[in-house]
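What follows is a single structure, written as structure tokens, with notes after it.
Proteins come first, then strands; the chains are lettered A, B, ... in the order of their sequence lines, and each starts at number 1. No experiment lies behind these values; they were computed from the predicted model shown. The basis for the numbers below is simple: all heavy atoms, side chains too, and nothing from hydrogens, waters or symmetry mates.
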There are 2 protein chains.
Amino acid sequence: MTDDTESAALRGDDLQTWATLATVLEWLPAALDAQLLRDGDLTHFEYGILYALADAPEQTLRMSVLAGYANSSLSRLSRAVARLESRGWVRRRPDPSDGRFTLATLTKDGQEAYAQATPGHVETVHRLVLDPLTTAQKKQLREISRRILRSIRDGGEWSAS
Amino acid sequence: MTDDTESAALRGDDLQTWATLATVLEWLPAALDAQLLRDGDLTHFEYGILYALADAPEQTLRMSVLAGYANSSLSRLSRAVARLESRGWVRRRPDPSDGRFTLATLTKDGQEAYAQATPGHVETVHRLVLDPLTTAQKKQLREISRRILRSIRDGGEWSAS
DNA sequence: CCGTTTCACTTGACTGAGCAAGTGAATGGA
DNA sequence: TCCATTCACTTGCTCAGTCAAGTGAAACGG
């Protein structure tokens, strides 16, 4: 029984690779969230919403498009935007051209909150991720990330669509 | 105003590096959780607890040590172990040598659940992370992860301790 | 010894996320 | 033209996680 477990378990270099990556997966989002919460009372997810809206034409996107950008369920996004709306940072209204869609728009206050949170966030990303790496490593990291993402999408059981 | 935002924002290669890594940070944990939930009704966090206990002498660890392994707050761990205990996979009792500590032990059922969940999980880690990468890339990933982790620990504001 | 402090958790209140059921706007078929 | 269906969200329920307050066991100071 324990022998089965042993033979199935990761070992050696592969174990090291996975263990360090798993640790990054746990700590890095926590560190980023902590900085954003301190400086702008925002989660990384909420920041991502502001980011997407800030870069969109007229600071406006349909909820479903926004959900795609944020890789979020519609329900999660709906609640998050509701929170941002209650702070006056985002406003929602039905899409005039099709009442089923909802358009979310960044308000002036929202742009300000985004502009205020951005420098600290960018600085944190530099300090924690980009600056410790060499140019070659950053290039490698892009390729590694792309390969992992491709394997997730391919194996994501919705490959038949 | 927008000029400040623009000048602070990430651009070019750095933006690509961060964007792809951020996407991995979002999708990979979700993919791993999904597999573990399907196959063993476990979150990745709960699996980590079973893993740590299974490898420990007498399948037993103090809660505080376990929290360290799982990089978890004590309160999160306490609730998670309570869930595992209610399934009969873990048992808790005061440490005889110091009643303040609590010892968590993997039960027979827990070992079985762990042994059953492991092959699928290992297979998923291989498929999503290890197999798509070359040996050189895996080596790079270890070094990259270590550098990021070091920067988190150094900058984690508790550097003064 | 006995009260205070420190530890190592545990628990109550609250917040955020997922799932499934609900809602209101368009579309499609008879 | 009207009803059913699809679409794009929204919301009720439940659960996991956090923070802060609580608890019970050891250590410490006088």
Side-chain angles (χ1 to χ4, degrees), chain A residues 25-27 29-38 41-49 52-53 60-87 89-105, chain B residues 25-27 29-38 41-50 52-53 60-87 89-105 161:
Chain A
L25 254 35
E26 188 107 9
W27 283 74
L32 291 162
D33 267 1
Q35 179 271 319
L36 280 168
L37 279 170
R38 269 199 310 276
D41 201 25
L42 278 171
T43 64
H44 189 244
F45 180 68
E46 290 167 337
Y47 180 83
I49 293 170
L53 288 176
T60 297
L61 287 174
R62 289 177 171 178
M63 290 290 282
S64 37
V65 174
L66 196 48
Y69 286 6
N71 178 36
S72 151
S73 70
L74 226 33
S75 117
R76 183 184 181 192
L77 177 68
S78 180
R79 296 183 196 281
V81 171
R83 288 196 296 277
L84 296 174
E85 198 170 26
S86 76
R87 297 178 175 202
W89 292 351
V90 171
R91 235 173 315 122
R92 276 181 291 185
R93 65 201 149 87
D95 186 332
S97 75
D98 185 336
R100 286 172 300 183
F101 292 94
T102 300
L103 298 177
T105 304
Chain B
L25 255 34
E26 189 106 10
W27 284 74
L32 291 162
D33 267 0
Q35 179 271 319
L36 280 168
L37 279 170
R38 269 198 311 274
D41 201 25
L42 277 171
T43 64
H44 189 245
F45 180 69
E46 290 167 337
Y47 179 83
I49 294 172
L50 299 187
L53 288 176
T60 297
L61 287 173
R62 291 179 170 177
M63 290 290 280
S64 38
V65 173
L66 196 47
Y69 286 7
N71 178 35
S72 151
S73 70
L74 225 34
S75 108
R76 182 184 181 189
L77 178 68
S78 180
R79 294 186 195 281
V81 170
R83 290 196 296 275
L84 296 174
E85 198 170 26
S86 76
R87 297 175 173 204
W89 292 351
V90 171
R91 236 175 315 120
R92 277 180 292 184
R93 63 199 150 88
D95 187 331
S97 75
D98 185 336
R100 285 172 301 183
F101 293 92
T102 299
L103 297 178
T105 304
S161 78

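Counting to the nearest Å, the P atom of D:dA8 and the CG atom of A:Leu61 are 15 Å from each other. At whole-Å resolution of the value, CG in A:Leu103 and P in D:dA8 are 13 Å apart. Summarising the geometry, the separation between CZ on A:Arg100 and P on D:dT5 is reported as 16 Å, rounded to the nearest angstrom. With rounding to whole Å, B:Arg93 atom CZ is found 19 Å from C:dT10 atom C1'. Between the CG atom of A:Leu74 and the P atom of C:dG16 there is a distance of 18 Å, rounded to whole Å. When the P atom of C:dA20 is taken as reference, atom CZ of A:Arg76 falls 18 Å away, rounded to whole Å. Regarding B:Glu46, its CD atom lies at a distance of 7 Å from the P atom of D:dA16, rounded to whole Å. As rounded to whole Å, 14 Å separates atom C1' of C:dG16 from atom CG of A:Leu77.
Looking only at distances, no side-chain donor or acceptor of B:Asp33 sits under 3.5 Å from a matching main-chain atom of B:Thr43.
Using a 4.0 Å cut-off between charged nitrogen and carboxylate oxygen, B:Glu85 and B:Arg91 do not count as a salt-bridge pair. A salt bridge links A:Arg83 to A:Glu46: at least one charged side-chain nitrogen sits closer than 4.0 Å to a carboxylate oxygen. A salt bridge does not link A:Asp95 with A:Arg100: every distance from a Lys NZ or Arg NE/NH1/NH2 to an Asp or Glu carboxylate oxygen is 4.0 Å or more.
A:Thr102 comes within contact range of the sugar-phosphate backbone alone, with a heavy-atom separation under 4.0 Å but no base atom that close. Across all strands, B:Ser75 comes closer than 4.0 Å to base atoms (heavy-atom distances). Residue contacts for B:Ser73: at a heavy-atom cut-off of 4.0 Å it reaches the sugar-phosphate backbone alone, with no base atom in range.
Distances shown here put a side-chain N or O of A:Ser64 below 4.0 Å from the OP1 or OP2 atom of D:dC9. Between B:Arg79 and D:dC19 there is no side-chain polar atom (N or O) within less than 4.0 angstrom of OP1 or OP2. OP1 and OP2 of C:dA8 both lie 4.0 Å or more from every side-chain N or O belonging to B:Arg62.
Heavy atoms only, all atoms of each residue included: A:Ala52 and A:Leu66 are closest at CB-CD1, 3.6 Å.
Both A:Pro96 and A:Thr43 lie close to DNA chain C; mapped to their nearest nucleotides by heavy-atom distance, the more 5′-ward contact belongs to A:Thr43.
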